[in-house]
Amino acid sequence: PDQTREMLATIKSTKPPGKAAFPILCLREDTFRVIADWHHYAILNLARVRANRSEPEWVASRLGITPLDARSAIERLKRLGLLECKAGRLVRTVESLDTSHDVPSSAIRKYHKQNLRLAELSIDRDAVTKREVTSITVALDPRRLKKAKRMIREFRTRMAHYLESDKPTEVYTFAMQLFPVSAKGNPT
């Protein structure tokens, strides 16, 4: 209980960059580490699906995880005050979550690696009409990276507002990547 109270105290309310319509809870590193596995965010979003059920077996079948992983994640989210179970349904208690930006974090790296693996699986598993995987390769001036990252974050927020629906039936992950494929002094 003391650890739970301490972790809940680390959650602070903030607004996303730009003019967002709803507040975002910004999780500190130590709190995010507890829910860094991808399925925690997926469970929070299953709570938005109208016909959701709070049974770990139902969550496990929807996400392709074990019932034990589903049960543990649900309990963890409940202890953190991010999820409730009411009348046999999952109920999300926060509108949106975010983490720190541009700060080294093993938990955030873990979360992104899991999402990249899931995207790789989706390429082989899901029809092209049910996914979008795209990339571009550009030559750029690294001094533009700071603004490019800000633009990506603003776009991500706008896309989330567009995609979120009053009647969701599925949970998707939207990921974007921008990374160097050349290095100064690299002869290739």
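Counting from 1, the numbers follow the sequence of the chain as shown. Model, not experiment: these values are computed from the prediction.
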When every non-hydrogen atom of R53 is compared with those of W58, the smallest separation belongs to O-CE3, 3.1 Å
So CD1 of I35 and CZ of R79: to nearest 0.5 Å the spacing works out to 12.0 Å
Minimal heavy-atom distance between A36 and Q114, with the atoms involved, is O-OE1, 3.7 Å
CG (D166) with more than 12 external heavy atoms under 6.0 Å
no
| message | Within a 6.0 Å radius of atom CE on M159, are there more than 12 heavy atoms belonging to other residues, nucleotides or ligands? | response | yes
| said: Would you say that R153 contacts T157 through its side chain, given a criterion of any heavy-atom pair below 4.5 Å between the two side chains? | reply: no
Next item on the list: Identify whether F174 and L116 are in the same connected component of the hydrophobic contact network (ILVMFWY, side-chain heavy atoms under 4.5 Å).
Entry: no
For R48 and P168, the nearest pair of non-hydrogen atoms, with its separation, is O-CG, 2.9 Å
Exercise. I would like to know whether K78 and E75 meet side chain to side chain contact (heavy atoms under 4.5 Å, CB included); could you show each step before the answer?
Key: CA-CA 5 Å; K78 286 168 56 178; E75 291 304 316; 3.4 Å; yes
Below 4.5 Å, heavy atoms only, C-beta onward: do K113 and K110 meet side chain to side chain? no
Okay, side chain of Y172, backbone of K130: is any donor-acceptor separation there less than 3.5 Å? yes
In this structure, CG of L63 is separated from NE2 of H39 (nearest 0.5 Å) by 8.5 Å
- Side chain to side chain, Y41 and T173, heavy atoms closer than 4.5 Å: no
Salt bridge check: are R117 and E120 linked by an N-O gap of less than 4.0 Å?
no
Next item on the list: Establish whether V133 and M176 are linked, either directly or via other cluster members, by ILVMFWY side-chain heavy-atom contacts under 4.5 Å.
Entry: no
Would you please test T66 and R71 for side chain to side chain contact (heavy atoms under 4.5 Å, CB included) and show each step?
CA-CA 9 Å; T66 68; R71 182 179 313 283; over 6 Å; no
Applying side chain to side chain contact (heavy atoms under 4.5 Å, CB included) to C85 and L90, what does each step give before you reach the verdict?
CA-CA 5 Å; C85 295; L90 299 170; 4.0 Å; yes
Per side chain to side chain contact (heavy atoms under 4.5 Å, CB included), I43 is matched among L83, D37, D69 by L83
task = Decide whether L68 and W38 are clustered together by the hydrophobic rule: side chain heavy atoms of Ile, Leu, Val, Met, Phe, Trp, Tyr closer than 4.5 Å, transitively.
result = no
Taken to the nearest 0.5 Å, the spacing of I74 CD1 from L44 CG works out to 10.5 Å
Problem - Test item: N45 and R92 side chains (from C-beta on) under 4.5 Å apart, heavy atoms - result: yes
For A70 and V59 the tightest heavy-atom approach is CB-CG1, 3.9 Å
Between H40 and L77 the two heavy atoms that sit nearest each other are O-CD1, 3.6 Å
S106 versus R33: any side-chain heavy-atom pair under 4.5 Å?
-> yes
The reported gap from CZ in R156 to NE2 in H161 (rounded to nearest 0.5 angstrom) is 10.5 Å
Smallest heavy-atom separation, V34 atom then R76 atom, equals O-CD, 3.0 Å
